[in-house]
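Below you'll find the structure, written out as structure tokens, and then a few comments.
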Protein chains: 2
Amino acid sequence: MFSRQLARRVVLRVPRRWSHSPAGLAGLNSVTEEDLAHFAKILPSSSILSTLSPSATPSSELEPFNNDWMDKYHGKSTTVLKPRTTQEVSEIVRWCNQRKIGIVPQGGNTGLVGGGVPIKDELILSLANMAKVRSFDDVSGILVADAGCILQSLTDYLAPHHHIVPLDLGAKGSCQIGGNVSTNAGGLRLLRYGSLHGSVLGLEVVLPDGTVLDQLTSLRKDNTGYDLKQLFIGAEGTLGIVTGVSILAAPAPQASNNVMLALPKFENVQPLYKEVKRQLSEVLSAFEFIDRTVYDLAVKHGQGRALNPQDIEGAECFVLVETSGGNREHDEQKLNSLLESLMLAEEPLINTGVLASSPAQFSALWAIREGLTEAVSKEGKAYKYDISVPLNKFQEVVDKTREHLRSKDLLHENAVKYVVGYGHVGDGNLHLNVVAAAYTPEIEAALEPFVYELVASYKGSISAEHGIGVMKTHALQYSKNPTSIEWMKKIKALFDPNGIMNPGKVLP
Amino acid sequence: MFSRQLARRVVLRVPRRWSHSPAGLAGLNSVTEEDLAHFAKILPSSSILSTLSPSATPSSELEPFNNDWMDKYHGKSTTVLKPRTTQEVSEIVRWCNQRKIGIVPQGGNTGLVGGGVPIKDELILSLANMAKVRSFDDVSGILVADAGCILQSLTDYLAPHHHIVPLDLGAKGSCQIGGNVSTNAGGLRLLRYGSLHGSVLGLEVVLPDGTVLDQLTSLRKDNTGYDLKQLFIGAEGTLGIVTGVSILAAPAPQASNNVMLALPKFENVQPLYKEVKRQLSEVLSAFEFIDRTVYDLAVKHGQGRALNPQDIEGAECFVLVETSGGNREHDEQKLNSLLESLMLAEEPLINTGVLASSPAQFSALWAIREGLTEAVSKEGKAYKYDISVPLNKFQEVVDKTREHLRSKDLLHENAVKYVVGYGHVGDGNLHLNVVAAAYTPEIEAALEPFVYELVASYKGSISAEHGIGVMKTHALQYSKNPTSIEWMKKIKALFDPNGIMNPGKVLP
Ligand SMILES: Cc1cc2nc3c(=O)[nH]c(=O)nc-3n(C[C@H](O)[C@H](O)[C@H](O)COP(=O)(O)OP(=O)(O)OC[C@H]3O[C@@H](n4cnc5c(N)ncnc54)[C@H](O)[C@@H]3O)c2cc1C
Ligand SMILES: Cc1cc2nc3c(=O)[nH]c(=O)nc-3n(C[C@H](O)[C@H](O)[C@H](O)COP(=O)(O)OP(=O)(O)OC[C@H]3O[C@@H](n4cnc5c(N)ncnc54)[C@H](O)[C@@H]3O)c2cc1C
């Protein structure tokens, strides 16, 4: 009796997103067999996966499309379409708009806010079959590619041309350039190459009525009117489907070096950042913060071991510094004199550090940083808060969150196991991860709006890079004022009056 | 008789802009004495310049606001308001929206497409009195400033903090950061620091109904919904008035060097660019092309003399290369070994070059490049085409235009005196300048649509950085397809249904 009451109380406290707010889905229709018959006129059968007749694909084959990377959000779509051309995308979208069928654009499905999977049974439009490079110019560095190109494959494509994609992230083996653009992904190179709002030069987008908006310029500069493409960068598929991307690739650095530093205390991170920026200047390409707890998790789960266990006794946190530049000798000189000055300082900011001395060691150091997301996910179910706060508040946010959970009696093996922080210091971006035994309404209620209010108190952002998706629609107000939200809604209504494009995502 | 007929023929051929297309102005009202009485309640009298009573300012005092930098576009506004706060801007705009009075936002009035002066008698809203720095954080490098801050004054402000504005242009002594943002100015540092779409982090904008849209975040990363501020970057004041800007300043380089190179032929520019990019890599901060004719004009008008007249005999064009980096020694080594390899090559790409050996010489080399606009304007009335075309077409565009004018018998002292080209090679941006004795309908008719069609034939942009203003509204179609123009119009109608904001500009 008591436990049933409790259960009911818990249900009442469930935040809106657990009910998967169908607000945005009202008035939309499910895919029917008639629709499928129409799609069969547009696409070959190999491009259609559907549990409906006549396709009758086993539903297990749709699972990878219906479930997100974190295994947290679960859609019930009956149908996945995989068009091969912009024209096919356009015809599908036009039909869905007429029939008021919700569409979820899906890239590599590595998003971390549930934006790429359906809320109910919306149609999934996968870009996986649109994966050709359209052109590359090695003088200007401008690359034009289908939206479905996987980030790693673009990196591989550019390598012999001595260029790199100005974007790198742990999910590069699966995420697509169209997904990167749609989430305005930040990642590990932002410090050096800036945001996609600067490096994306053009987009081709299928609008919600099926019109193709061709802004796929391959010009570095074009000031002829409003820069409409910017609206789709970070729109998470709610304004249209990105089918092509023109992006400015960067010349490949001749040399890259990295070093992992162990710090006695968090307070040293900010002065260290200033000093590193000053000394490394234009060759600094990454400055990543890793707290002690998550470092230990990475080591435990075999994501590489950077430093000698004895050496890092008492280290409170770590920083991974990367340089990339055009002259190995010059870069090494800069890095060496930085390390020397750090070690010889009267009150050293660091305990110790390891400088990669081979490509293998370089990769091993990065493996730790890039493996954090995975290490955390092996340890349990992670509540991921990807926030912007002032750098000197990084540790405070982690500590306050941990204390808050402790005060709610939720910090133990069966509830929350770890509260950890890591992130792109140079960008003011902290990944706060709360690792739990399972996703439960209780933990969630303890975390939200607590974390969002904490972020708002620092005038931070509740989503530095992962986006809003379905996870944070109810929390948008913590980072955007009412006027901004009102104007976002007006933009949405202008582009997508029927509300078919990724319904229920981004906007509250 | 014959001459009158000819005159009439010419009038018929006059492009629309000479009649100052009042399409966008239909339905708008002039400022009246009642309006002035209302403004006097919002602003102190020192912030009001008006030829109407009771102000009765002499109209000569309004001239600098009514006439553009090129002395090509002439407005007839009776009233200039100079608000000091965002709140004052908001109240003025709200009133104008109710009264349907057209508003021209004006920054430093250095724009080159007539966008910053009225077409008829629209109200001029000058940002000159909003010129305070709001905040600067030397860890993140984020600067927040009033829109009316002059670019040079921000540069001066940042110098003691060892940072620079990621933007530099010849007009820096007069242009305002709000004007830079509104024109999406490119300038001399774009190659290194990227476009304002990447470095502007937030904006405060007064919308056409008077609402203040506060997106003045001082966060490097914020992925919480649509990036609305991007719409105002490059909107040339047609969607709202920018009142505050948050921008990412760059760490000041420790060392800057430059070198002026003389090339035997234009064909060498592209291979030179590739080689320079390869060798200088991340320290390359400018690569500017100057054709022979405009170089000689700069020298003639005392804009500095870079190279020995004997040494540059036979040189077809020049390139100014700048490096900026964190270590003077390293940069000089890179630059020296570049020059060495260029001079020792079997088939040298350059004839000769001069490396700045002192700060004074560094400035003198830049003075040539930065003085080109002025040199040209001293020589006559310039038709300025600021276009993007593939780098290897730069010379072709200049030559074809010159030949075309010659074929129309317009290439002589009393018509077109020079056709010259210079520009930011790294950005694919050519400034094509046609220097005439006077602005005449005949020359204009020979140039347009000729130049625009030429640009379109290379899939280029008719405005790489200066914008559309009033000068190119009729030519927008050469760079934007009908779908894009239709969506621009929808955006305009959404934000400014009464069409009061910079009427007649940007949109055809
Ligand atoms: C291990 C790991 C590390 C990560 N590291 C980072 C990081 O450092 N920085 C960072 O920013 N993110 C990171 N992420 C999050 C994620 O990888 C990025 O958001 C990525 O850009 C998503 O790309 P995707 O192709 O997988 O998109 P999906 O997950 O398929 O979709 C993401 C969103 O974009 C929309 N979308 C996808 N493709 C299109 C399209 N063509 N047109 C319109 N809408 C589309 C979807 O509808 C959805 O809303 C990481 C994720 C993982 C799993
Ligand atoms: C010598 C010289 C060199 C130049 N070099 C370059 C160059 O290298 N690169 C380049 O891109 N441009 C260049 N320009 C052009 C010009 O300087 C830039 O476009 C500059 O950014 C304009 O700033 P401003 O404050 O003078 O704007 P203004 O000329 O006053 O206005 C320009 C446009 O922006 C609008 N506007 C101005 N302020 C605001 C505001 N606060 N809110 C809303 N709208 C506003 C106006 O209505 C107008 O449409 C040069 C000009 C000169 C004279």
Side-chain angles (χ1 to χ4, degrees), chain A residues 139-140 183-184 186 194-195 197-199 211 213-215 219-228 230-231 233-235 251 254 270 273-274 277 280-283 325-327 330 334 388 391 427-429 460-468 476 479-481 483-484 487-488 490-491 494 506, chain B residues 139-140 183-184 186 194-195 197-199 211 213-215 219-228 230-231 233-235 251 254 270 273-274 277 280-283 325-327 330 334 388 391 427-429 460-468 476 479-481 483-484 487-488 490-491 494 506:
Chain A
V139 177
S140 64
T183 57
N184 186 29
S195 99
H197 286 289
S199 53
T211 311
L213 179 66
D214 178 359
Q215 302 217 319
L219 302 168
R220 177 106 187 233
K221 278 158 74 175
D222 177 26
N223 272 350
T224 52
Y226 313 148
D227 197 354
L228 298 176
Q230 298 285 353
L231 285 176
I233 301 177
Q254 306 283 316
Q270 178 161 328
Y273 179 54
K274 282 183 76 169
K277 255 208 322 191
L280 298 182
S281 189
E282 71 278 358
V283 297
N327 184 309
H330 289 169
K334 288 186 177 110
S388 281
L391 160 54
D427 318 333
N429 179 185
S461 168
I462 59 154
S463 182
E465 52 177 25
H466 295 159
I468 297 296
L476 193 60
S479 282
K480 282 276 192 287
N481 53 42
T483 309
S484 296
W487 276 97
M488 282 172 55
K490 286 185 188 179
I491 294 284
L494 183 68
V506 180
Chain B
V139 176
S140 65
T183 56
N184 186 29
S195 99
H197 286 289
S199 52
T211 311
L213 180 66
D214 178 1
Q215 302 216 318
L219 302 167
R220 177 109 187 230
K221 278 158 74 174
D222 178 25
N223 272 349
T224 53
Y226 313 148
D227 198 352
L228 298 176
Q230 297 286 352
L231 285 175
I233 301 178
Q254 306 282 316
Q270 178 161 327
Y273 179 53
K274 282 183 77 169
K277 255 208 321 193
L280 298 182
S281 190
E282 71 279 357
V283 298
N327 184 309
H330 288 169
K334 287 185 178 112
S388 282
L391 160 53
D427 318 333
N429 179 185
S461 168
I462 59 153
S463 182
E465 51 177 26
H466 294 160
I468 297 297
L476 193 60
S479 282
K480 282 275 191 287
N481 54 40
T483 309
S484 296
W487 276 97
M488 282 171 55
K490 288 186 187 178
I491 294 283
L494 183 68
V506 180

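Throughout, protein chains are lettered first and strands after them, A, B, ... in sequence-line order, and every chain is numbered starting at 1. Because the structure is predicted, anything quoted here is derived from the model rather than measured.
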Could you check which of [options] has the highest count of heavy-atom pairs closer than 4.5 Å to chain A?
| options | value |
| --- | --- |
| B:D427, B:N429, B:I468, B:T483 | B:D427 |
| B:G198, B:S461, B:G186 | B:S461 |
| B:V506, B:I233, B:L213 | B:L213 |
| B:Q254, B:H466, B:Q270 | B:Q270 |

May I ask you to name which of [options] has the most heavy-atom pairs under 4.5 Å with chain B?
| options | result |
| --- | --- |
| A:S484, A:S140, A:A235 | A:S484 |
| A:Q215, A:H330, A:E465, A:R220 | A:H330 |
| A:G467, A:G428, A:S195 | A:G467 |

Please report the closest heavy-atom contact between [X] and [Y], naming both atoms and the distance.
| X | Y | value |
| --- | --- | --- |
| B:T224 | A:S479 | CG2-CB, 3.9 Å |
| A:G325 | A:V283 | CA-CG1, 4.2 Å |
| A:S388 | B:L219 | CB-CD2, 3.9 Å |
| B:W487 | A:L494 | CH2-O, 3.6 Å |

Measure distances from B:L476 to the heavy atoms of chain A and classify the residue's part below 4.5 Å as side chain, backbone, both or neither.
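The side chain, not the backbone.
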Below 4.5 Å from any heavy atom of chain B, which atoms of [X] appear? Answer side chain, backbone, both or neither.
| X | value |
| --- | --- |
| A:Y226 | both |
| A:K490 | both |
| A:T183 | backbone |
| A:T211 | side chain |
| A:S463 | both |
| A:N481 | side chain |
| A:V139 | both |

How many angstroms lie between CG in B:L391 and OH in B:Y273, if you round to the nearest 0.5 Å?
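So the CG of B:L391 and the OH of B:Y273 are separated by 8.0 Å.
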Are A:Q230 and B:L231 close enough that some pair of their side-chain heavy atoms sits under 4.5 Å apart?
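Side chain of A:Q230 against side chain of B:L231, heavy atoms only: no contact under 4.5 Å found.
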Measure the shortest side-chain to side-chain distance between B:K480 and A:D222 over non-hydrogen atoms and say whether it is less than 4.5 angstrom.
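They are in side-chain contact.
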Looking only at atom types and distance, does a side-chain atom of A:N223 sit under 3.5 Å from a main-chain N or O of B:N184, one as donor and one as acceptor?
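Between the backbone of B:N184 and the side chain of A:N223 there is a qualifying donor-acceptor contact (under 3.5 Å).
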Kindly determine whether B:I491 and A:L228 satisfy side-chain contact (heavy atoms from CB on, under 4.5 Å), including the steps that lead there.
CA-CA 9 Å; B:I491 294 283; A:L228 298 176; 3.8 Å; yes
